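Okay, so here's the structure we're looking at.
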Amino acid sequence: MDRLDIVKRTREALASAPFKGFLAVGVENVQYLTGIALPFLYSHLEWKMAAILSEEALPSVICPFEVESSLGGSDRPYTILAYDSSEGEEGYLRCIGQSLARVCSGEYVATDLARMPLSLRIRLEQVVPHVHWTSGDDWIIGLRMTKTEGEIELLEDIAYRADHAILGASHHVMINLHRTEKFVSEDVRVHALERFLDVSGYNAMSQVAAGDHAKKFWPLAPRFGLGQTKTLEEGALVRIELQATLKGYWSSAARMISMGELTPQQSSAYDHLVVLRDTALANIKPGVPCSEIWRQVVQVADDKQFDLIRERCLGHGVGVTPYEPPYITHYDKTELRQNMIVVLDPVVRGPQGELMRSKDTILVTENGYRILGWYKDWREPYIAPYAL
Amino acid sequence: MISDLPRVSELIQESNCQALVATGVDNFTYLTQMVLPFAACYPDRIAAVLVPVVGKRAIICPLEWGEAIRDQGWAEDLIVYDENGAPPPVPVVNTIVDTVRQLGLRHERIGFDSHQWSALFFDQLTTALPAVIWQPLDRLLRDWRMVKTRDEIGLLETAVKQADQSILGALNHAEGAIDNLGYSLAEFTERIRVHLTEFGGSGAGHLSTLQGIELQKIYSPPQGIFVNGNLVRIDVTTHQKGYWSNAGRMAVIGQPTQDQISAYSDNVKLKTVATELLLPEAVCSQIFGHVRKMALKLRIPLWEKVGIGHGVGTSEREAPYLNSRDETVLRPGMVIALDIYTYGPQRVLIHSKDTYEITPNGNRLLSWYRSWDSLYVVTGYRALH
């Protein structure tokens, strides 16, 4: 049973599309269409996967022999064509050709060109000459951006568990107990695991940054997401980040801890985040372009002279990846629609130059928005106490 | 920073190119010795390196990664692009175009890693630079990367030892804890990462712990608690400054059965056969063929479809591959992860992955922190004192 209703959604979309089939080769697109979530596929490039959708048949999944046994985790029906990865691209292409010949011969087939390796495209045109290729990037992105009810329920659940995990770790932070970045980073992951989130590897990770480390997006390079022995000092602002996944869907979370009561300058900086969030929220409703939200937030930052970091997006989608369209940027004219989910992520500099962020996961509703997953009210950061 | 990498600019020139542009994450690390934060998992965020035959290399990356690159000691050109400017991949394409023009390369032959460029990326770049002749250099990059320098081997050796220690550290914590409240596979897996941090590793990639019947699979998310009598397979990839280990170990919860002992012993036998064949001038496909023949002769059920090993370097799996087709001749300086899967009871997949440097006279085992000739047995109870 397809608990997320993706199969139904994609069949309906394909029936009204100007092409008869869709070939997905991007890891995240294959995952979206089939439910197959294998985190190592982004880095194991010779283990190529593909998914082929057509109106007439069950989706086909093309995979190397190595992973065939691991495909049972999805609850959706599909047929599997496995190939020998030692053949390089040839076995993979042969399976794609076989599958397409069966269902789409002589027809237009769309594909995710933004993910298709150039070398593959060249060979596909040779190996599958009976198909007319067209770009399907906008089609698949459009499908992924608007979530089904099942996806919304799952993403809200993950957002809540992630927020809970951050809080759970935060309450172990006491000013006088000499906690380190490493301790808290690990504790966040442990709390995430205790809530049955998956933080096992690659970009499923946590990061804690304090003091000078908090001035950087990625301190301690190249040891990203591990944490070191730096003690969290009284008076510091601490940034906690967590990316966790469950059933192949993601949360992208970040919160701030204050090691003791906020100074007036820290309070003011945090208020900047709150104001910017509220500005964004006031503009979140169906029909509003993402670029308009960006413009409104930047305008407020300019008017009030907030130190907002601008050369990045102020928000993004979340789903089968933790960072995906729509992007709240200057250029993205995507109009928000009901059932889109975005993560608001403005970043401002604090009084010591710390990068401050407090990410919120937002569902676009019929008339506005709903914040997903607040374990606590984040109009103020977590204030670490003294241990008795 | 690795000081003894081949003069890449000379190699580019030998291919009649005036520059190389690479965007593949592994090629990026190889050509710059810089590590990006989980870049492979963010296909919309691209970093590129432009290596001209003459002049400084240029890294082109999003704002959030720029500082991390400088912090790793990058002293050459760094150009940060504004992701806010246009939909991906337009900002990075525009920045590459500007850089190519500034370097006077717009009418030149430029190499690139075509297997890792998307069709969309290529179309946009070639439209903006119509006079550039783009030459795929995938094969050349593959060949350069296969033979490691001493410094690279040093990093790989550190990475594989850290992985081994990390697995052992997690196993140490499991001993005595199985029957107390139940010890979860998720926690065990997390402990591998924690120990990696403690032993100085730079990062973790694949982290997988499976037990019992789940061992029929290559992967599923860690779930449940350890159960007495189950075989356990632990698979991890970790890196030291961008150079990867790819490790796999077996354990058993409680005393093993004879079937389990025999199955593991069979795997070790085949590994021993393969190890003796890891010699300079040996051909990868012939090594595979011989191991396959021995498996048949010894009646050891080999999972032959997936080959028996691969290289490691700035990626977790790379050339050369020990399979039926790869005709690569082993040379000193190659680093091979030997990965022989055999079937155990209930057709579970067993392996004990080790990494070897090919030396002028044979090979050198890099990855043992302790002997893995026998199955690791997790027993004990937690004493309170």
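Model, not experiment: these values are computed from the prediction. Within every chain, numbering begins at 1; the chains are lettered A, B, ... in the order of the sequence lines, protein sequences first and strands thereafter.
Interface remark: A:Arg121 contributes side-chain atoms only to the contact with chain B (heavy atom separation under 4.5 Å). Using a 4.5 Å cut-off between heavy atoms, B:Pro136 does not touch chain A at all. Residue contact with chain A, scored on non-hydrogen atoms closer than 4.5 Å, involves the side chain of B:Arg45 exclusively. With a 4.5 Å cut-off on non-hydrogen atoms, A:Val199 touches chain B through its backbone and its side chain both. Contact of B:Phe122 with chain A is made through the side chain alone, with heavy-atom distances under 4.5 Å. Looking at A:Leu220, there are no atoms closer than 4.5 Å to chain B (heavy atoms on both sides), in backbone or side chain. For a residue to count as touching a neighbouring chain, one of its non-hydrogen atoms must lie under 4.5 Å from one of that chain's; by this rule A:Thr321 does not touch chain B. With a threshold of 4.5 angstrom between heavy atoms, A:Glu66 approaches chain B through its backbone and through its side chain. For B:Phe112, the part lying near chain A is the side chain, with the backbone staying farther off; criterion is any non-hydrogen pair under 4.5 Å. Interface residue A:His44: only side-chain heavy atoms are found under 4.5 Å from chain B. For a residue to count as touching a neighbouring chain, one of its non-hydrogen atoms must lie under 4.5 Å from one of that chain's; by this rule A:Asn203 touches chain B with backbone and side chain alike. Residue A:Gln207: no heavy atom, backbone or side chain, is found under 4.5 Å from chain B. With a 4.5 angstrom heavy-atom cutoff, A:Phe65 touches chain B via backbone and side-chain atoms both. Using a 4.5 Å cut-off between heavy atoms, B:Thr238 makes no contact with chain A at all. For A:Leu113, the parts lying under 4.5 angstrom from a heavy atom of chain B are both the backbone and the side chain. For chain A, no part of B:His310 is nearby; none of its heavy atoms comes within less than 4.5 Å. Of the atoms belonging to B:Ser315, not a single heavy atom falls under 4.5 Å from chain A. Residue B:Asn323 touches chain A through its side chain alone, counting heavy-atom pairs closer than 4.5 Å. For a residue to count as touching a neighbouring chain, one of its non-hydrogen atoms must lie under 4.5 Å from one of that chain's; by this rule A:Ala82 does not touch chain B. Neither the backbone nor the side chain of A:Ile122 comes within contact range of chain B, judged by heavy atoms closer than 4.5 Å. Both the backbone and the side chain of A:Arg115 come within less than 4.5 Å of a heavy atom of chain B. Residue B:Asp138 does not touch chain A at all, counting heavy-atom pairs closer than 4.5 Å.
Under a 3.5 Å cut-off, the side chain of A:Ser69 and the backbone N or O of B:Gln216 do form a donor-acceptor pair.
With a 4.5 Å cut-off on side-chain heavy atoms, A:Lys182 and B:Thr197 count as touching. Counting heavy atoms from C-beta on, the side chains of B:Arg317 and A:Trp47 come closer than 4.5 Å. Considering only heavy atoms from C-beta on, A:Pro117 stays 4.5 Å or farther from B:His115 through its side chain. A 4.5 Å side-chain heavy-atom check between B:Asn84 and A:Trp294 finds at least one atom pair inside the cut-off. Inter-residue side-chain proximity for B:Tyr42 and A:Pro322 is flagged as met; some heavy-atom pair is nearer than 4.5 Å.
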**Request:** Test side chain to side chain contact (heavy atoms under 4.5 Å, CB included) on B:Phe38 and A:Met205 and set out the steps.
**Result:** CA-CA 10 Å; B:Phe38 316 106; A:Met205 58 95 220; 3.8 Å; yes
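Between B:Trp65 and A:Phe224, the distance from one ring center to the other does not fall under 6.0 angstrom.
Exactly one residue among A:Lys215, A:Lys216, A:Arg223 makes a salt bridge (charged side-chain N to carboxylate O under 4.0 Å, His left out) with B:Asp71. That residue is A:Lys216. The residue from B:Thr237, B:Ile218, B:Leu207 that alone fulfils the side-chain contact (heavy atoms from CB on, under 4.5 Å) condition with A:Phe40 is B:Ile218.
Counting heavy-atom pairs under 4.5 Å between each of B:Gly203, B:Ala186, B:Ser118, B:Pro222 and chain A puts B:Ser118 at the top. Your options are A:Ala221, A:Pro325, A:Ala114, A:Pro222, and the one with the most heavy-atom pairs under 4.5 Å with chain B is A:Pro222. Among the candidates B:Ser324, B:Gly200, B:Gly307, B:Ala39, the residue making the largest number of heavy-atom pairs closer than 4.5 Å to chain A is B:Gly200. Your options are A:Glu324, A:Glu186, A:Glu311, and the one with the most heavy-atom pairs under 4.5 Å with chain B is A:Glu311. With chain A as partner, the option from B:Gly66, B:Pro91, B:Gly201 having the largest number of non-hydrogen pairs under 4.5 angstrom is B:Gly201. Counting heavy-atom pairs under 4.5 Å between each of B:Ala40, B:Pro62, B:Ser202 and chain A puts B:Ser202 at the top. By number of non-hydrogen pairs under 4.5 angstrom with chain A, the leading residue of B:Val306, B:Ile69, B:Asp326 is B:Val306. With chain A as the partner, the residue from B:Glu83, B:Glu187, B:Glu190 showing the most heavy-atom pairs under 4.5 Å is B:Glu190. Most heavy-atom pairs under 4.5 Å with chain B, from the set A:Arg189, A:His330, A:Met116: that is A:Arg189.
In this structure, B:Ala86 and A:Tyr331 approach most closely via the heavy-atom pair O-CE2, 3.0 Å. Across A:Phe217 and B:Glu67, no two heavy atoms sit closer than the pair N-OE1, 4.0 Å. The shortest non-hydrogen separation linking B:Gln116 to A:Leu45 is OE1-CD1, 3.2 Å. Heavy atoms only, all atoms of each residue included: B:Glu64 and A:Trp218 are closest at O-CD1, 3.2 Å. Nearest heavy atoms, B:Arg193 versus A:Gly201: NH2-N, 3.9 Å.
In this structure, B:Thr189 OG1 and A:Leu193 CG are separated by 8.5 Å, a value rounded to the nearest 0.5 Å. The distance from the CZ atom of B:Arg325 to the CD atom of A:Glu87 is 4.0 Å, given to the nearest 0.5 Å. Here OG of B:Ser220 is found 10.0 Å from CG of A:Leu38. Values are rounded to the nearest 0.5 Å. The structure places CG of B:Asp123 at 7.5 Å from CG of A:Leu118, a figure rounded to the nearest 0.5 Å.
In B:Arg292, the CZ atom is not crowded: 12 or fewer heavy atoms of neighbouring residues, nucleotides or ligands sit closer than 6.0 Å. Around NZ of B:Lys305, the count of heavy atoms belonging to other residues, nucleotides or ligands within 6.0 Å does not exceed 12.
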